[in-house]
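The structure appears below as structure tokens.
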Amino acid sequence: MTVAQPAAPAGVRGITLDADGITLSALLALPSQAPCRAMVVALHGAGMSASYFHGPAHPDTSFLDLATSLGFAAVAVDRPGYGLSARQLPQGQGVAEQAATLGAALRSLTARYDTGSGVFLLAHSFGGKPTLRMAADGTVPHLLGLDVSGCGGEYAVPFSARDTHGRRGWQLNWGPLRLYPPGTFQASGAVVASVPPREFADAVRWPEEFADFAGRIRVPVRFTFAEHEAWWQHDQQAVARLRSRLSSAPRVVTDLQPDAGHNISLGWTARAYHLRALGFAEECLRWRESERSPALVSSRSA
């Protein structure tokens with residue numbers, strides 16, 4: 001099978017990452033300043049690609065551009081079974097396998113590029129699953145924290161009963177059309193991708209898997225749910241259960257993004273969400289500095 005690799009937009013270049021013999025494709029954007037503040041690694045959801053984080057319909061939807069303008073290095077990775085790795089993994093991988101593959105890829109990445117004060121993970125939808133698992137397993141070097149959108153601990157409807165095609169599938173994935181810039185769906189060919197079969201087959205087990213490992217996550221975590229989120233439960237009780245599972249995380253933040261559908265990073269409110277995510281990354285940098293300096297911890301506690 002031949003997999004086309006989309007051309008990287010201006011300011012962004014395509015790279016490959018070695019994950020213990022599996023080749024992952026990615027988009028890399030570096031800031032003009034050096035050293036960078038930190039490196040943000042972005043992981044897309046099901047049926048998308050790394051280009052999700054460099055939305056083609058409007059400049060305000062590019063997370064990669066915004067991150068570099070604020071001094072961060074930014075890397076959007078095609079998860080296992082997507083991009084170049086679809087050749088080696090035509091069936092894809094489950095959550096635990098993806099976490100292992102991505103962990104190996106990120107160790108390769110951090111050995112090659114400046115990561116500043118550490119690595120911050122930004123994930124959307126199904127990309128949040130291996131991201132949370134990597135944090136629990138401690139496989140990401142110098143991990144500062146996580147920002148996850150469009151992913152929670154409990155599905156809104158039984159996963160086995162879902163039809164992701166047709167009108168219902170559209171509502172789950174996008175929400176109202178008015179939430180997205182004109183041309184979003186015409187340009188979606190550069191963003192969407194086929195979902196590897198094992199990714200969906202494995203998804204039904206997520207609530208139990210997450211509950212099993214969530215207590216091992218020991219870095220700050222932020223969850224964002226779109227106002228029109230339909231995939232995940234995000235009412236007050238569900239959010240309380242989600243937070244309670246992250247019992248070892250030093251900080252858990254949950255936010256609601258107004259005027260947004262599930263694909264937050266492609267909508268009109270993408271820039272607002274991305275700024276908040278990078279603001280949380282800044283807070284994680286401060287938290288890590290406080291951890292390293294007893295004097296700062298003492299002054300903060302006073």
Side-chain angles (χ1 to χ4, degrees), residues 36-43 53 63 66-67 70-77 95 99 102-103 106-107 109-110 115-125 127-154 209-226 232 234 236 238-257 264-265 272-301:
C36 62
R37 295 192 58 71
M39 174 177 282
V40 183
V41 176
L43 298 168
F53 295 102
F63 174 78
L66 180 63
L70 296 176
F72 293 89
V75 184
V77 180
V95 171
L102 289 165
L106 296 191
R107 290 191 291 275
L109 176 71
T110 57
T115 61
S117 295
V119 175
F120 183 83
L121 298 181
L122 177 82
H124 175 250
S125 190
K129 297 176 179 182
T131 296
L132 290 159
R133 181 62 186 261
M134 283 190 289
D137 293 345
T139 56
V140 180
H142 311 295
L143 181 61
L144 298 168
L146 319 176
D147 193 288
V148 178
S149 69
C151 181
E154 304 169 70
E209 289 184 5
F210 176 67
D212 183 59
F213 70 70
R216 304 203 311 266
I217 297 174
R218 300 182 182 277
V219 294
V221 184
R222 177 176 178 262
F223 290 93
T224 299
F225 295 99
W232 301 95
H234 56 96
Q236 187 174 359
V239 168
R241 290 191 295 270
L242 176 66
R243 295 173 63 94
S244 69
R245 291 190 176 104
L246 292 140
S247 55
S248 298
R251 186 181 180 207
V252 180
V253 177
T254 54
D255 280 336
L256 181 72
Q257 181 61 56
I264 295 178
S265 290
Y273 163 63
H274 294 156
L275 284 168
R276 291 187 178 101
L278 290 168
F280 187 67
E282 290 282 358
E283 292 172 2
C284 290
L285 285 170
R286 178 64 174 172
W287 169 75
R288 180 56 56 85
E289 290 171 359
S290 297
E291 266 203 330
R292 292 170 176 167
S293 172
L296 283 175
V297 173
S298 299
S299 64
R300 186 176 61 179
S301 301

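Computed over heavy atoms, backbone and side chain alike; hydrogens, waters and symmetry mates excluded.
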Gap between atom [atom2] of [Y] and atom [atom1] of [X] - 0.5 Å precision:
X: His124; Y: Cys151; atom1: NE2; atom2: SG; answer: 9.0 Å
X: Leu102; Y: Thr131; atom1: CG; atom2: OG1; answer: 7.0 Å
X: His274; Y: Asp147; atom1: NE2; atom2: CG; answer: 9.5 Å

Note: Glu283-Arg251 ion pair, threshold 4.0 Å (strictly below):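 Yes, this pair counts.
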Glu209 and Arg133 ion-paired at < 4.0 Å: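 Not counted as a salt bridge, because no side-chain N and carboxylate O are separated by less than 4.0 Å.
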Do [X] and [Y] have side chains that get closer than 4.5 Å, going by heavy atoms?
X: Leu121; Y: Leu106; result: yes
X: His142; Y: Met39; result: no
X: Met134; Y: Val41; result: no
X: Phe120; Y: Leu278; result: no

Parallel, tilted or perpendicular: rings of Phe223 and Phe225 (30°, 60°):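 Ring orientation, 0 to 90° scale: parallel.
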Where is the tightest heavy-atom contact between [X] and [Y], given as atom of each residue plus distance?
X: Gly152; Y: Leu242; answer: C-CD1, 4.3 Å
X: Ala38; Y: Gly118; answer: CB-O, 3.4 Å
X: Ser247; Y: Gly215; answer: OG-CA, 3.8 Å
X: Thr224; Y: Gln257; answer: CG2-CB, 3.9 Å
X: Lys129; Y: Phe213; answer: O-CZ, 4.4 Å
X: Ala226; Y: Leu256; answer: O-CD1, 3.7 Å

Ser149: which of Ile264, Leu122, Asp255 passes side-chain contact (heavy atoms from CB on, under 4.5 Å):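 Checked Ile264, Leu122, Asp255 against Ser149; only one passes side-chain contact (heavy atoms from CB on, under 4.5 Å): Ile264.
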Test side-chain contact (heavy atoms from CB on, under 4.5 Å) applied to Ile217 and Leu143, Asp137, Leu132, the passing residue: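 Per the side-chain contact (heavy atoms from CB on, under 4.5 Å) rule, the option paired with Ile217 is Leu132, out of Leu143, Asp137, Leu132.
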Check: Arg243 side chain, Val252 main-chain N or O, donor-acceptor pair, under 3.5 Å: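 A pair under 3.5 Å: yes.
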Main-chain N/O of Arg107 paired to Thr110 side chain as donor or acceptor, under 3.5 Å: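 Between the backbone of Arg107 and the side chain of Thr110 there is a qualifying donor-acceptor contact (under 3.5 Å).
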